[in-house]
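What follows is one structure encoded as structure tokens, with my remarks underneath.
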Amino acid sequence: MRARKPTKGDTGSGVPAPASEVPETPDVPEGTRAVLDGNEINRALTRIAHEVLERTKGGEHVTLLGIPSRGVPLAERLARRIEQVEDLSVPFGSLDITMYRDDLHLAPARALGKTEIPAGGLDDRTVVLVDDVLFSGRTVRAALDALGDLGRPRAVQLAVLVDRGHRELPIRADYVGKNLPTSLREGVTVLLSETDGQDAVLLGPAKARPSPALPSPATALKGHASRAVPPSYRDPRSSSASSPGTGTTADSADNAGSKEGDA
């Protein structure tokens with residue numbers, strides 16, 4: 001008698017696997033492939049939750065702050081997992097970094113996100129920043145600047161679902177769900193059920209990065225003209241700046257006074 005070939009969702013013994021163990025098949029757009037499905041994302045977050053508890057000695061003074069947009073639901077998921085494991089309610093919130101980004105001049109105007117700090121603030125807390133993908137490190141740099149305006153944590157750590165490499169700043173993650181080697185021609189997209197209706201991490205062609213907008217010739221000429229020396233300007237250091245027989249002109253006297261004050 002030949003053994004029956006197990007089918008998807010079947011343990012091989014004729015008993016269907018629990019729904020939580022059945023691999024989800026994400027809806028993958030053409031030209032991309034899934035590198036993590038929903039179950040794998042859940043396992044990665046569970047592992048990160050255990051690592052946070054271990055490194056922070058029980059997580060008693062931990063605050064989780066998600067970086068919008070997908071870092072926020074990830075922070076909430078981590079808080080729930082920590083509570084399940086340790087029976088500890090970990091405060092979580094969100095940290096908007098829009099006005100701290102260094103690429104505001106490269107892209108159209110961005111909508112401001114929410115910054116929600118849990119009751120009790122951030123002073124003397126171990127703040128774990130949570131984001132979906134770690135790439136150049138510039139988002140995390142902006143988050144650190146924003147955090148500095150809100151309090152003085154005891155320590156700041158970083159948890160990411162995916163680290164794809166290609167750092168441009170000396171920043172590394174303390175907790176990583178998956179290290180994913182990529183090329184700059186590839187893009188990583190994280191989908192979450194809270195924002196996208198499904199859980200998946202997709203790898204596909206990279207989107208074009210914005211480049212600085214060059215000023216038009218008219219704007220450039222206008223800016224150059226505004227920096228030109230006006231015809232009426234007189235250099236107080238030159239002999240031509242003094243009126244004959246009167247000593248010092250009013251313009252050069254003002255300059256002399258300002259120099260004295262500066263000294």
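Basis for what follows: all heavy atoms, side chains included, without hydrogens, waters or symmetry-related copies. All residue numbers refer to positions in the sequence shown, counting from 1.
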- Does some side-chain heavy atom of K114 sit less than 4.5 Å from a side-chain heavy atom of D96? no
- Task: Working to the nearest 0.5 Å, report the span between CG of D103 and OG of S136.
- Result: 8.5 Å
- Message: With clusters defined by side-chain heavy atoms of hydrophobic residues (ILVMFWY) lying less than 4.5 Å apart, directly or transitively, does I67 cluster with I48?
- Response: no
- Side chain D123, main chain G151, donor-acceptor under 3.5 Å: no
- Inter-residue atom distance K178.NZ - R43.CZ, 0.5 Å rounding: 11.0 Å
- Message: Can a donor-acceptor pair be found, under 3.5 Å and without considering hydrogens, that links the side chain of H166 to the backbone of T182?
- Response: yes
- Item | S69 to P73 - nearest heavy-atom pair and separation | O-CD, 3.2 Å
- Would you call D163 and R172 a salt bridge, taking side-chain N to carboxylate O under 4.0 Å as the test? no
- Note on the structure: Closest non-hydrogen contact found for V130 with A75 is CG1-N, 3.8 Å
- Query: Once you round to the nearest 0.5 Å, how far does CD of Q157 lie from OG1 of T126?
  - Reply: 6.0 Å
- Message: Quick check against the 3.5 Å criterion: does R125 have a side-chain atom that pairs as donor or acceptor with the backbone of R152?
- Response: no
- Answer yes or no: is there a side-chain heavy-atom contact under 4.5 Å between L45 and R81? yes
- Is the backbone N or O of I171 less than 3.5 Å from a side-chain atom of R167, with the two atoms forming a donor-acceptor pair by type? yes
- Item | Atom pair CG (L112) and CE (M99), whose distance is rounded to the nearest 0.5 Å | 6.5 Å
- Using a cut-off of 6.0 Å, state whether more than 12 heavy atoms not belonging to E51 lie near its atom CD. yes
- Message: Quick check: do V140 and V160 have side-chain heavy atoms less than 4.5 Å from each other?
- Response: no
- Query: Does E186 offer a backbone N or O that forms a donor-acceptor pair with the side chain of R164 under 3.5 Å?
  - Reply: yes
- Rounded distance [0.5 Å steps], CD1 in I97 versus CG in D131: 7.5 Å
- Query: Side chain of D199, backbone of G38: donor and acceptor closer than 3.5 Å?
  - Reply: no
- Would you say the side chain of I117 lies within less than 4.5 Å of the side chain of L65, judging by non-hydrogen atoms? yes
- Query: Would you say the side-chain atoms of T63 pair up with the backbone N or O of P91, donor to acceptor, closer than 3.5 Å?
  - Reply: no
- What are the two closest heavy atoms between L95 and A143, and how far apart are they? CD2-O, 3.6 Å
- Is L88 reachable from F92 through a run of hydrophobic residues whose side-chain heavy atoms are each under 4.5 Å from the next? yes
- Sub-4.5 Å side-chain heavy-atom contact between T189 and T32: no
- Message: With a 4.5 Å cut-off on side-chain heavy-atom distances among I, L, V, M, F, W and Y, is there a chain of contacts connecting L36 to V190?
- Response: yes
- Item | Inter-residue atom distance I82.CD1 - T46.OG1, 0.5 Å rounding | 10.5 Å
- Item | Taking every non-hydrogen atom, the tightest pair across L64 and A79 | CD1-N, 3.5 Å
- Query: If every non-hydrogen atom of G59 is compared with every non-hydrogen atom of V90, which pair is closest and at what distance?
  - Reply: O-CG2, 4.4 Å
- Task: Might you point out which heavy atoms bring L134 and G137 nearest each other, and give the distance in Å?
- Result: CD1-CA, 4.1 Å
- Query: Run the side chain to side chain contact (heavy atoms under 4.5 Å, CB included) check on L129 and L144 step by step: do they pass?
  - Reply: CA-CA 9 Å; L129 299 173; L144 292 173; 4.2 Å; yes
- Task: May I ask you to check whether over 12 heavy atoms, not counting those of D149, lie within 6.0 Å of atom CG?
- Result: yes
- Is the backbone of G177 close enough, under 3.5 Å, to the side chain of R47 for a donor and an acceptor to pair up by distance? yes
- Item | Residue pair H61 / T56, side-chain heavy-atom distance below 4.5 Å | no
- Carboxylate-amine/guanidinium proximity below 4.0 Å for D124 and R154: yes
- Task: Consider only side-chain heavy atoms of I, L, V, M, F, W and Y, link residues closer than 4.5 Å, and tell whether V162 and Y175 are in one cluster.
- Result: yes
- Are L78 and V52 close enough that some pair of their side-chain heavy atoms sits under 4.5 Å apart? no
- Item | In one Ile/Leu/Val/Met/Phe/Trp/Tyr side-chain cluster, 4.5 Å: L203, V201 | yes
- Would you call D174 and R55 a salt bridge, using N to O less than 4.0 angstrom? yes
- Item | Ionic contact status for E194 with R77, cut-off 4.0 Å | yes
- Is there a side-chain contact between T139 and V133 (heavy atoms, below 4.5 Å)? no
- Message: Tell me whether S94 contacts the main-chain N or O of V72 through its side chain, where contact means a donor paired with an acceptor under 3.5 Å.
- Response: no
